[in-house]
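One structure is given below, encoded as structure tokens.
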Amino acid sequence: MKKTFIALLLTLAVSLTGCGASSAKEEEPPDTQPPAEEVTAPPGHKATEGEENALKTALNYLSFTSFSPNGLVEQLKYEGYTQDEAVYAVNQCGADWNEQALKSAENYLSVSAFSYRSLTEQLIYEGFVPVQANYGVENCGADWNEQAAIKAQSYLDISAFSREQLIEQLKYEGFTTDQAEYGVVAVGY
């Protein structure tokens, strides 16, 4: 969904500036590749036109949304850049990947409730390495008890649960026993 949403945003941004629009493609499942290898340009290397364009596209994406290094490489490849062009752009864009993980964590928490564990797993799924994902989760300012209460209410909004079932579901989602019990009490059990 992120690729499709981002492609839509980029298409809108490009069409508003009169630069043309990219064609829509089917969404592909995210790769679970190891981190992108760093491509270092030899001394005196002059960037190719493709590398320069990939870098401009990467900077444009980073101006309105967050990415992991691998996620940005995959997005650039989705846009038609080669692996080498995409890796060059990611290595040259100057992004602080810890800060990108933090922004991603904050974005996720703005739309749904997560446990510490499930948010960390989500960031890793998005392509952040564990140290980046941990940074994002550690620094996002989430109140994990409150997250458990929000998640408990979201479950109750769609189905009936006994107190014990709801606690077990929250624990399954990665909340600690104390957080799960707090969430259940907060929603009236």
Given side chains that start at C-beta, do those of [X] and [Y] come closer than 4.5 Å, heavy atoms only?
X	Y	answer
L76	T82	no
I124	V129	no
F175	Q147	yes
L109	C140	yes
L62	Q100	yes
K151	S115	no
K103	F67	no

Would you compute the distance between atom [atom1] of [X] and atom [atom2] of [Y] and round it to the nearest 0.5 angstrom?
X	Y	atom1	atom2	result
L166	E181	CG	CD	11.5 Å
N60	L55	CG	CG	11.0 Å
S66	N107	OG	CG	5.0 Å
E85	E52	CD	CD	11.0 Å
L119	E173	CG	CD	12.0 Å

**Report entry** Full working for side chain to side chain donor-acceptor pair (under 3.5 Å) between Q83 and Y88
**Finding:** CA-CA 8 Å; Q83 173 77 18; Y88 173 87; over 6 Å; no
Requested in this report: With sequence neighbours excluded, tell me which residues meet side chain to side chain contact (heavy atoms under 4.5 Å, CB included) with S162.
Outcome: E164, Q165
Query raised in the report: side chain to side chain contact (heavy atoms under 4.5 Å, CB included) with R163: which residues, sequence neighbours excluded?
Result: I167, V184, V185, Y189
**Report entry** Co-membership, hydrophobic cluster, residues F128 and L102, 4.5 Å side-chain
**Finding:**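 Shared cluster, no.
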Requested in this report: Give a yes or no on whether V111 and L123 share a hydrophobic cluster (residues Ile, Leu, Val, Met, Phe, Trp, Tyr; joining criterion: side-chain heavy atoms under 4.5 Å apart).
Outcome: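 No, V111 does not connect to L123 through the hydrophobic network.
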**Report entry** Residues E121 and R117 bridged, charged N to O under 4.0 Å
**Finding:** yes
Report summary line: E168 meets the side chain to side chain donor-acceptor pair (under 3.5 Å) criterion, sequence neighbours left out, with K171
Requested in this report: Would you kindly say whether E79 and Y61 are connected by a side-chain donor-acceptor distance under 3.5 Å?
Outcome: yes
Query - Residue pair A149 / V187: nearest heavy atoms and the distance that separates them - result: O-CG1, 3.6 Å
Query raised in the report: How would you list, by chain and number, every residue that makes a ring pair (Phe, Tyr, Trp, His ring centres under 6.0 Å) with Y155, sequence neighbours excluded?
Result: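 Applying ring pair (Phe, Tyr, Trp, His ring centres under 6.0 Å) to Y155 gives F161.
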Query - Residues that Y81 engages under ring pair (Phe, Tyr, Trp, His ring centres under 6.0 Å), provided they are two or more places apart - result: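 Applying ring pair (Phe, Tyr, Trp, His ring centres under 6.0 Å) to Y81 gives none.
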Report summary line: Quick note, side-chain hydrogen bond (donor to acceptor under 3.5 Å, both in side chains) partners involving residues 128-145, not counting sequence neighbours, are E99-Y135, Y116-E138
Query raised in the report: So, the side chain of Q153 versus the backbone of I150: is there a donor-acceptor pair under 3.5 Å, distance only?
Result: no
